[in-house]
Amino acid sequence: MKQDVFETGVVYHIFNRGNNKEDIFREDRNYYYFLSLVKKYLLSISDIYAYCLLKNHFHILLRIKDNNELSEKLQAKPFLAFSNLFNTYTKSINKAYNRTGSLFQEHLQRNRVKDESYLIKLIAYIHLNPLKHQFTNDFRNYPFSSYKAYTTNKKTDIKKDFIMEIFGNVENFEYWHNLKKISYEGIIEEIENMDN
């Protein structure tokens, strides 16, 4: 299947998993290192709205910045930031765990987010993902997700203002997630059908 190209000013749901479903995060330090690389490489080209990292895969919801916010090189090739992120992370994991070869599946999966309805469903889908994979019973306290960035006043690189404008306030944001938790099976099916 031909991959969608990254375009400036467009919101994408990006995701990938380990080659042969291998774990890409083995220890807590791996998650933190991956997030530091996201900050280093992706914040220069995108606004990140949500993320969730799980043992063998990840989800990130982001918007590629407009041309006037990017260098000429990145205007023409925004995918270079993603390539740098995944190559750097793979080299680090290969060295740390004495492994060789590709860590991630061949292609970074990406889907354009074309409307606000899909966007808010994705926010809940991404934050509730640890429940789907039974990493936690309480998604609100899962440490490798952007959920807490929305519900606390701690400094964050997550561009939460845009998302909070949609929800109106933290109470509505939390209510939406709790509502979606109740009907989580339905939202999983809906998002996965939209992503195909």
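The first residue of the sequence shown is numbered 1, and numbering continues consecutively from there.
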Do Gln109 side-chain atoms and His107 backbone N/O form a donor-acceptor pair below 3.5 Å?
yes

Distance check, rounded to the nearest 0.5 Å: Asn16 atom CG versus Ile24 atom CD1?
7.0 Å

Is Arg112 salt-bridged to Glu7, going by a charged N under 4.0 Å from an acidic O?
yes

May I ask you to test the Ile163-Leu119 pair for a side-chain heavy-atom distance under 4.5 Å?
yes

Would you call the rings of Phe58 and Phe86 parallel, tilted or perpendicular, taking 30° and 60° as the class edges?
parallel

Evaluate the ring planes of His57 and His59, with Trp represented by its six-membered ring, and classify them as parallel (under 30°), tilted (30 to 60°) or perpendicular (over 60°).
perpendicular

In Leu62, Ile60, Asp157, the residue satisfying side-chain contact (heavy atoms from CB on, under 4.5 Å) with Val38 is Ile60

In Tyr32, Phe25, Phe82, the residue satisfying ring-ring contact (aromatic ring centres under 6.0 Å, His included) with Tyr89 is Phe25

Are Ile123 and Tyr147 side-chain neighbours, meaning at least one heavy-atom pair lies under 4.5 Å?
no

Can you tell me if Thr90 uses its side chain to pair, donor with acceptor, with the backbone of Asn87 under 3.5 Å?
no

Those residues at least two apart in sequence (or on a different chain) that pass side chain to side chain contact (heavy atoms under 4.5 Å, CB included) with Ser36 are Tyr33

Please indicate whether Glu171 has more than 12 foreign heavy atoms, meaning atoms of other residues, nucleotides or ligands, lying under 6.0 Å from its CD.
yes

Does the plane of the ring in Tyr31 sit parallel, tilted or perpendicular to the ring in Phe144? Use 30° and 60° as the thresholds.
parallel

Minimal non-hydrogen separation, Asp47 against Lys65, with atom names
OD1-CE, 3.6 Å

Side-chain contact test, heavy atoms from C-beta onward, threshold under 4.5 Å: evaluate it for Lys132 versus Leu54 and give yes or no.
no

Distance check, rounded to the nearest 0.5 Å: Ile64 atom CD1 versus Glu69 atom CD?
11.0 Å

Ignoring hydrogens and angles, tell me if any N or O in the side chain of Asn20 forms a donor-acceptor pair with the backbone of Glu22 under 3.5 Å.
no

Residues Tyr49, Val11; criterion side-chain contact (heavy atoms from CB on, under 4.5 Å); working and verdict:
CA-CA 9 Å; Tyr49 298 138; Val11 177; 4.1 Å; yes

So which heavy atom on Asp66 is nearest to which on Gly9, and how close?
OD1-CA, 3.5 Å

Quick one: OH on Tyr118 to OH on Tyr125, what's the gap to the nearest 0.5 Å?
9.0 Å

d(Lys159 NZ, Ser46 OG) to nearest 0.5 Å is 10.0 Å

So do Met164 and Asn172 actually touch side chain to side chain, heavy atoms under 4.5 Å?
no

Can you name the one residue among Tyr142, Tyr51, Tyr150 that meets side-chain contact (heavy atoms from CB on, under 4.5 Å) with His127?
Tyr150

Between His13 and Ile126, is there a side-chain heavy-atom distance shorter than 4.5 Å?
yes

Per side-chain contact (heavy atoms from CB on, under 4.5 Å), Phe135 is matched among Ser145, Cys52, Pro130 by Pro130

More than 12 heavy atoms of other groups within 6.0 Å of Asn169 CG:
yes

Heavy atoms only: give me the nearest Trp176-Ala124 pair and the separation to one decimal.
NE1-CB, 3.6 Å

With sequence neighbours excluded, residues passing side chain to side chain contact (heavy atoms under 4.5 Å, CB included) with Lys21:
Arg17, Asn56

With rounding to the nearest 0.5 angstrom, report the NZ to NZ distance, Lys154 to Lys148.
6.5 Å

Could you measure the distance from the CG atom of Leu43 to the CG atom of Leu37? Nearest 0.5 Å is fine.
11.5 Å

Measure across Ala149 and Thr156 and return the closest heavy-atom pair with its distance rounded to 0.1 Å.
CB-OG1, 3.6 Å

For Tyr12, give me all partners under ring-ring contact (aromatic ring centres under 6.0 Å, His included), at least two apart in sequence or on another chain.
Phe6

Would Tyr97 and Asn30 count as having a side-chain donor-acceptor pair, cut-off 3.5 Å?
yes

Side-chain touch Ile14/Arg110, heavy atoms, less than 4.5 angstrom
yes

Side-chain contact, heavy-atom cut-off 4.5 Å: Ile166 with Glu116?
yes

Would you say the side-chain atoms of Arg26 pair up with the backbone N or O of Arg29, donor to acceptor, closer than 3.5 Å?
no

